[in-house]
Amino acid sequence: MEQTAISKIRNIGIVAHIDAGKTTTTERILFFSGKIRKVGEVHDGEAVMDFMQQEQERGITISSAAITANWGENIINIIDTPGHIDFTLEVERSLRILDGIAMIFCSVGGVEPQSETVWHQADRYKVPRIAFVNKMDRQGADLFGTIDMMNDMLGANAIPFQLPIGNEADFDGVIDLVLMKAFTYKNLAVQVNEIPEELKERALELRNQLIEKLADFDDNIMEKFLNEEEVTTEEIKTAARNAVLNLLITPVFCGTAFKDKGIQTLLDAVVDYLPSPIDRGIVLGYDTDDTEKTLSRKPSYKRPFSALAFKIINDNYVGQQTFIRVYSGELNAGSYIYNPNKKKRERVGRILRVSANDREELTSIKAGEIGALIGMKNTKTGDTLCDIDNPIFLENIHYPETVLDMKITPESMKERDKLGFALGKLALEDPSFKVRFDGETDETVISGMGELHLEVIVDRLRTEHKLKVNVDEPAVAFRETITKEIRHDYKYKKQSGGHGQFAHIVFRIEENSGEGLEFVDRIKGGNIPKEYIPAVKKGFLATMAKGVLVGFPIVDIKFTLIDGSFHAVDSSEMAFRSCTEQGLREAIKKAGAIMLEPTMKLEINTPDDYMGDVIGDVNRRRGQIDNMRRHRKGSQKLQGMVPLKEMFGYASSLRTISSGRANYSMEFYKYTKVPQKLQQETVEEINSKKEKK
């Protein structure tokens, strides 16, 4: 009974490049499933899923929104995700807990830059997917061209499951190649008819191609195909479903969400081909006492409770909502659960099913379901929640690097504490947003994924938290590192009446390219007592956070504590921490300290006529184009790398160069060395600003 109930659940995401029609598609799904009675349009700021003020004003999705709808006997939990690269964490954490996704493509734009990013994010979590080619009513719509792009650029093994009836302004419906029926749309109703005579031959040809593809993954269909026997509808559906679950194919459907065409068949496809929690099977985790030991949880009500907190929202009416995906067991309102990440118990005050900005009270939440908990005091995004007698660590969420900094101050000092509280709330909701306090300049610095990301954060401070704040222009978030290996011997002595301060350490620092910060203890024979080693590590991490050249965090260093000595009376944790910080600053300067800058992956779609000017402009920005390929007829897709520092104001520059016909997208790639001359200029510029303040 329980397995049947869980098998009726679909936890899906609607994901795509910005402006492909994700939110419009979701609105139609809610309408045709009976969840809402009136369709809200994105361009009018009335979409149910875009309920934040910032989303309504900009006509884009910023925060992933969850909502539950029913289709027949099935429960579909839908998460509508942002398409803008600045909010990529929203996609990342959604993909971590989803069972399947419906990937939306624009029939005119095809595979856009963010489409590739999201596709590879889904690959990371091995999420099965189907595709919906939207906007088939637009001029230039090309279903099969988009499918070719999916196969060439994504390796999607995309297969058409539908044939459009008409195209562009004459798009009237679709032919289902599995059922071999024509679906046309009139006044919000779908009509099922026989296939028009002029399309029968093409439909039969594509159906045979579909069966031939499925024969590669299903022995029964292979046998029937070779013997030229009829393959039934159920056999096709079963084989296709298995192929989707194993990430072997991507079924492609089409329609126009804005014109209400193709949504019902898309919902049928979600149920027919995307997995339930049962299909996804057991989830793996780790023993809380031994992270080398693997544990598993089966999607069953009877197994110990386990869930992952994937999103936090602060609501003015109910307080903090902690969104969870339950993998096993059952949780009742008012009960206690365990957070192994924080090693603390949490009491569940209330359980809600949240539908965008509406809430429904639940008495319990079970395996396979998505809901929100009220009352969590210690839980953050990525934390595991589980049964206290059966603890488990579930895989955390991958967090991207921040690339832009902005200094922010309240207009009046009496609002300083209020600003700190508000920033803390926003950072709790969004782990891709960072806050730090610069003790030297007495300023608060916020860091984010891009200009739009920080713009939205500041807007929320002003609208939601009623704060008047002043901000500097966004600045590149540089990093520091070393280029040489250094062994350093440092003694710290201080005498000021009574007990003195003494600590002595010998250590080695070296490059740790791409591996982050690493602390290694090689002390033998008790030359430094064990109780002082954590203080050395704290000193190491504190120095890494402050930097040496101009105060940017230091990255990719391996610190090895080799030797040292202590004084029975004068040594203390404070002494060893101070010794480490001062010794490290000396050593890093000797180890060839350099600055690193965020380098972005850049992708530009440009008409052929402007390609030379576009490439020349990228080169002037210290960028490099590595790859060129045909995008559409008469246009090229350029791919390369460029330092973020050179990209401020690029949107208007590209518009000018291409007469508004080119577009671009970029995402963080990695930190790279700043040229020596530019480093010197940057250090002087930053130090000059500090002196003026």
Side-chain angles (χ1 to χ4, degrees), residues 14 16 20-39 41 69-72 74 76 102-108 110 130-147 158-211 232-234 236-237 240 250-274:
I14 308 293
K22 297 178 304 303
T23 301
T24 302
T25 302
T26 307
E27 291 290 315
R28 268 46 180 198
I29 287 174
L30 299 180
F31 177 76
F32 286 111
S33 65
K35 184 69 181 180
I36 59 175
R37 295 183 179 181
K38 177 180 178 293
V39 172
E41 302 296 355
N70 294 85
W71 189 245
N74 300 277
I76 304 179
M103 188 92 178
I104 313 297
F105 294 91
C106 172
S107 63
V108 181
I130 60 175
F132 180 70
V133 178
N134 193 25
K135 304 186 180 182
M136 287 296 297
D137 58 320
R138 294 283 183 92
Q139 185 175 353
D142 186 351
L143 171 66
F144 295 99
T146 300
I147 290 173
I159 305 172
F161 273 52
Q162 291 178 340
L163 172 66
I165 300 173
N167 202 39
E168 298 181 345
D170 296 324
F171 176 75
D172 193 38
V174 297
I175 294 170
D176 187 309
L177 299 173
V178 177
L179 299 175
M180 288 302 278
K181 293 288 184 182
F183 291 76
T184 54
Y185 303 89
K186 189 174 182 181
N187 299 327
L188 300 178
V190 59
Q191 299 174 344
V192 184
N193 301 300
E194 295 302 314
I195 298 172
E197 198 64 38
E198 66 273 15
L199 292 173
K200 276 186 178 178
E201 185 178 342
R202 177 61 172 154
L204 194 58
E205 176 192 347
L206 288 172
R207 189 176 199 269
N208 287 334
Q209 289 177 13
L210 168 58
I211 292 171
T232 67
T233 296
E234 286 309 311
I236 293 175
K237 284 187 176 182
T250 305
V252 181
F253 305 86
C254 65
T256 167
F258 184 60
K259 297 287 181 64
D260 307 306
K261 297 177 182 178
I263 302 301
Q264 295 96 324
T265 49
L266 175 62
L267 278 164
D268 288 337
V270 166
V271 171
D272 288 341
Y273 304 115
L274 288 180

Check: What heavy-atom pair brings Gly21 and Lys135 nearest, and what distance separates the two atoms?
Finding: N-CE, 4.4 Å
Notebook entry, point to check: Parallel, tilted or perpendicular: which describes the rings of Phe253 and Phe161, with under 30° parallel and over 60° perpendicular?
Noted result: tilted
Checklist line | Leu206 vs Ile175, side-chain contact (heavy atoms from CB on, under 4.5 Å): CA-CA, chis, key distance, verdict | finding: CA-CA 11 Å; Leu206 288 172; Ile175 294 170; over 6 Å; no
Next item on the list: Please answer whether the main-chain N or O of Glu168 pairs with a side-chain N or O of Arg138 as donor and acceptor at a distance below 3.5 Å.
Entry: no
Checklist line | Shortest non-hydrogen contact between Ala69 and Leu30, atoms and distance | finding: CB-CD2, 4.2 Å
Note to self: Has Lys261 got a side-chain atom pairing as donor or acceptor with Phe171's backbone, closer than 3.5 angstrom?
What the structure shows: yes
Check: Got a donor-acceptor contact below 3.5 angstrom from the Thr233 side chain to the Leu179 backbone?
Finding: no
Note to self: How close do Ile147 and Pro160 get, counting heavy atoms only, and between which atoms?
What the structure shows: CD1-CB, 3.7 Å
Margin query: Walk me through whether Val252 and Gln162 qualify under side-chain contact (heavy atoms from CB on, under 4.5 Å).
Written below: CA-CA 7 Å; Val252 181; Gln162 291 178 340; over 6 Å; no
Check: Nearest 0.5 Å, what's the CD1-NZ distance between Ile104 and Lys22?
Finding: 8.5 Å
Taking distance alone, no hydrogens or angles, what donor-acceptor pairs closer than 3.5 Å link side-chain atoms of residues 190-199 to residues at least two apart or in another chain?
| residue | atom | partner | partner atom | Å |
| --- | --- | --- | --- | --- |
| Glu194 | OE2 | Lys181 | NZ | 2.6 |
| Glu197 | OE1 | Lys200 | NZ | 3.4 |

Check: Does Thr250 use its side chain to pair, donor to acceptor, with the backbone of Ile130 at less than 3.5 Å?
Finding: no
Note to self: Rounded to the nearest 0.5 Å, what separates atom CD1 in Ile14 from atom CE in Met103?
What the structure shows: 11.5 Å
Check: Under 4.5 Å between any side-chain heavy atoms of Ile76 and Leu267, yes or no?
Finding: yes
Margin query: With rounding to the nearest 0.5 angstrom, report the CD1 to CG distance, Ile165 to Asp170.
Written below: 12.5 Å
Notebook entry, point to check: Do you know which two heavy atoms are closest between Ala141 and Val108, and how far apart they sit?
Noted result: N-CG2, 3.9 Å
Next item on the list: Work out which heavy atom in Ala257 is nearest to a heavy atom in Thr24; give both atom names and the distance.
Entry: CB-CG2, 4.0 Å
Next item on the list: Look at the side chain of Asp176 and the backbone N and O of Phe183, then say whether any donor-acceptor pair between them is shorter than 3.5 Å.
Entry: no
Next item on the list: Using modelled atom types only, decide if a donor and an acceptor are shared between the side chain of Asn134 and the backbone of Ala20 within a distance under 3.5 Å.
Entry: yes
Next item on the list: Among Thr256, Ile263, Thr23, find the one that has a side-chain contact (heavy atoms from CB on, under 4.5 Å) with Arg28.
Entry: Ile263
Next item on the list: Let me see the working for Val271 and Trp71 under side-chain contact (heavy atoms from CB on, under 4.5 Å), right down to the final yes or no.
Entry: CA-CA 8 Å; Val271 171; Trp71 189 245; 4.0 Å; yes
Checklist line | Min side-chain heavy-atom separation Tyr273-Lys237 under 4.5 Å | finding: yes
Next item on the list: In sequence, state the C-alpha distance, the side-chain angles, and the governing distance for Lys259 and Tyr185, and then conclude on side-chain contact (heavy atoms from CB on, under 4.5 Å).
Entry: CA-CA 9 Å; Lys259 297 287 181 64; Tyr185 303 89; over 6 Å; no
Note to self: What's the separation between atom OG in Ser33 and atom CD in Gln264, rounded to the nearest 0.5 Å?
What the structure shows: 10.5 Å
Notebook entry, point to check: Within 45° of the axis and under 6.0 Å from the centre of the six-membered ring of Phe144, does NZ or CZ of Arg202 qualify?
Noted result: yes
